[in-house]
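First comes the structure, then the notes that go with it.
Since we're looking at a predicted model, the values are computed, not measured.
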2 protein chains.
Amino acid sequence: MHSTINEDLRAAGHRLTRTRRAVLDVLERTKYPLSASELYQRLQRNKVSIDLVTVYRTLTVLRDIGLVAQIELHQEGQARFEIQHGREHHHHIRCQTCGKIADLLLCPLKKITAFIEKETKFIVNEHTLEFSGLCPKCQ
Amino acid sequence: MHSTINEDLRAAGHRLTRTRRAVLDVLERTKYPLSASELYQRLQRNKVSIDLVTVYRTLTVLRDIGLVAQIELHQEGQARFEIQHGREHHHHIRCQTCGKIADLLLCPLKKITAFIEKETKFIVNEHTLEFSGLCPKCQ
DNA sequence: TCTCTAATTGCAAGTCTATTGCAATTACCA
DNA sequence: TGGTAATTGCAATAGACTTGCAATTAGAGA
Ligand SMILES: [Mn+2]
Ligand SMILES: [Mn+2]
Ligand SMILES: [Zn+2]
Ligand SMILES: [Zn+2]
């Protein structure tokens, strides 16, 4: 766990507690974004006893300071979270049959963002981009 | 209201009822995607008495046969719906301050979709793309 | 090390969006 | 003009997420 994580938390008036360490730890070791309840289940399996409410609150803090990214996939009905810290901005693809989520280590939106700002006079701060379809196994 | 709407419904074993007509009517006249409860409120204002549950069920039917598009904007916590029938596929931008939603009458993802299919071996069926930022008034 | 305060946490309850069960109503076709 | 399947309303339920509050804990400063 990088030392700047502690600093980032402190800078926002937060502490790096055992709970937050455990949440970051699970997210660091998982290769796809987890929902709050999935994260909760993994913590329990690891014999880390943290209330689901605390998982939600922890994710909110980590997201607000930018250590974690919140991802909402189409029609999933629940948010997912993955480590942002030290990783490149990227997007995802999800299988409509089995639910598998894979990273797309790219972002094709630089030029189109500039174009949209020019056309709409909005200032663009964020975007969401997700693909869905059938994974190799489910075709 | 186009005649093929009735045909599309019938083909899926549904009827074009007064209720569905009213829902489509409101959506046709609105320039941005509406949530179920916003739609419900507008129906009431128009003296059309339809239960909120029926609004949800109607939107599900219309979405499933492709007459209506379901849109989920980042962190909004509720789905929105807009007319798809007879309109071009497009995307949206939302103001983080006032919530204003504007159409982006474009889709920049043809090439990148082909690239992703080649790289991941997924078959891509859908994508979501939304931008957010500050509208001209809120800057 | 001790103390004090603010941050953190757990538990219970609440909120909000959306769904489901079921009986009553309605549309449509034979 | 029935008969039947689709539609609708109302009540209850589900599920994700949030809030209130009191108890606990972290850690800065004495
Ligand atoms: Mn990822
Ligand atoms: Mn639109
Ligand atoms: Zn991107
Ligand atoms: Zn598109």
Side-chain angles (χ1 to χ4, degrees), chain A residues 1 3 5-26 33-44 47-65 67-68 70-81 99, chain B residues 3 5-26 33-44 47-65 67-81 99:
Chain A
M1 198 165 301
S3 66
I5 287 181
N6 186 35
E7 288 161 22
D8 291 349
L9 280 163
R10 310 307 304 228
H14 296 295
R15 298 165 182 171
L16 180 49
T17 60
R18 196 188 66 98
T19 293
R20 287 175 184 154
R21 231 181 264 277
V23 166
L24 285 165
D25 213 57
V26 170
L34 294 176
S35 69
S37 64
E38 285 172 347
L39 184 45
Y40 176 68
Q41 287 166 13
R42 279 161 198 254
L43 289 165
Q44 291 198 308
K47 310 289 181 204
V48 180
S49 170
I50 300 174
D51 194 89
L52 179 58
V53 173
T54 302
V55 173
Y56 275 108
R57 284 196 272 230
T58 300
L59 289 170
T60 300
V61 167
L62 297 176
R63 180 202 63 200
D64 287 350
I65 63 180
L67 294 178
V68 158
Q70 177 169 348
I71 289 147
E72 286 144 343
L73 301 173
H74 192 52
Q75 300 245 334
E76 267 227 322
Q78 60 183 6
R80 293 181 174 275
F81 299 84
Chain B
S3 66
I5 287 182
N6 186 35
E7 288 160 22
D8 290 349
L9 279 163
R10 311 305 305 227
H14 296 294
R15 298 164 183 171
L16 180 50
T17 60
R18 197 189 64 98
T19 293
R20 289 176 183 153
R21 234 180 263 275
V23 167
L24 285 165
D25 214 56
V26 171
L34 295 176
S35 70
S37 65
E38 284 173 346
L39 184 45
Y40 176 68
Q41 286 165 14
R42 280 162 197 254
L43 289 165
Q44 290 199 308
K47 310 290 181 205
V48 179
S49 170
I50 300 175
D51 194 271
L52 179 58
V53 172
T54 301
V55 173
Y56 276 107
R57 284 197 272 231
T58 300
L59 289 170
T60 300
V61 166
L62 297 176
R63 180 203 62 200
D64 287 350
I65 63 180
L67 294 177
V68 158
Q70 178 169 348
I71 289 148
E72 286 143 344
L73 301 173
H74 191 51
Q75 300 245 339
E76 266 228 323
Q78 59 182 8
R80 292 181 174 274
F81 300 84

Counting any heavy atom closer than 4.0 Å, what does [X] reach on the DNA or RNA strands: base, sugar-phosphate only, or nothing?
| X | answer |
| --- | --- |
| Arg18(B) | nothing |
| Ser37(B) | nothing |
| Ile50(B) | sugar-phosphate |

Check: Does the side chain of Thr17(A) get closer than 4.0 angstrom to OP1 or OP2 of dT9(C) through an N or O atom?
Finding: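 Yes.
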
Margin query: With a cut-off of less than 4.0 Å, is there a side-chain N or O of Thr19(A) near OP1 or OP2 of dT9(C)?
Written below: yes

Please determine, for the side chain of [X], which listed nucleotide ([options]) has the closest atom?
| X | options | answer |
| --- | --- | --- |
| Arg10(B) | dC29(C), dC10(D), dA6(D) | dC29(C) |
| Thr60(B) | dT19(C), dT18(D), dC17(D) | dT19(C) |
| Asp51(A) | dT8(C), dG27(D), dG10(C) | dG10(C) |
| Arg15(A) | dT8(D), dC21(D), dA6(C) | dA6(C) |
| Arg57(B) | dT9(C), dT7(D), dG21(C) | dG21(C) |
| Val53(A) | dA7(C), dT18(D), dT19(C) | dT18(D) |
| Thr54(A) | dT25(D), dG10(C), dA27(C) | dG10(C) |

May I have the distance from [X] (atom [atom1]) to [N] (atom [atom2]), rounded to whole angstrom?
| X | N | atom1 | atom2 | result |
| --- | --- | --- | --- | --- |
| Arg20(A) | dG27(D) | CZ | P | 10 Å |
| Asn6(B) | dT7(D) | CG | P | 12 Å |
| Glu72(A) | dA16(D) | CD | C1' | 12 Å |
| Ile65(B) | dA6(D) | CD1 | P | 14 Å |
| Tyr56(B) | dC16(C) | OH | P | 12 Å |
| Glu38(B) | dT17(C) | CD | P | 10 Å |
| Leu43(B) | dG9(D) | CG | P | 10 Å |
| Tyr40(A) | dC17(D) | OH | P | 15 Å |

Notebook entry, point to check: About how many Å separate CD1 of Ile5(B) and CZ of Arg21(B), when rounded to the nearest 0.5 Å?
Noted result: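 These two atoms lie 9.5 Å from each other.
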
Note to self: Let me confirm one number: the CD-CD1 distance from Glu7(B) to Ile65(B), rounded to the nearest 0.5 Å.
What the structure shows: 11.5 Å

Check: Side chains of Glu72(A) and Gln75(B): donor-acceptor distance under 3.5 Å anywhere?
Finding: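 Judged by distance alone, the side chains do not pair up.
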
Checklist line | Lys/Arg-Asp/Glu bridge criterion (N-O < 4.0 Å) met for Glu38(A), Arg42(A) | finding: no

Notebook entry, point to check: Between Val55(A) and Tyr40(A), which heavy-atom pair has the shortest distance, and what is it?
Noted result: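 So the minimum-distance heavy-atom pair works out to CG2-CD1, 4.2 Å.
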
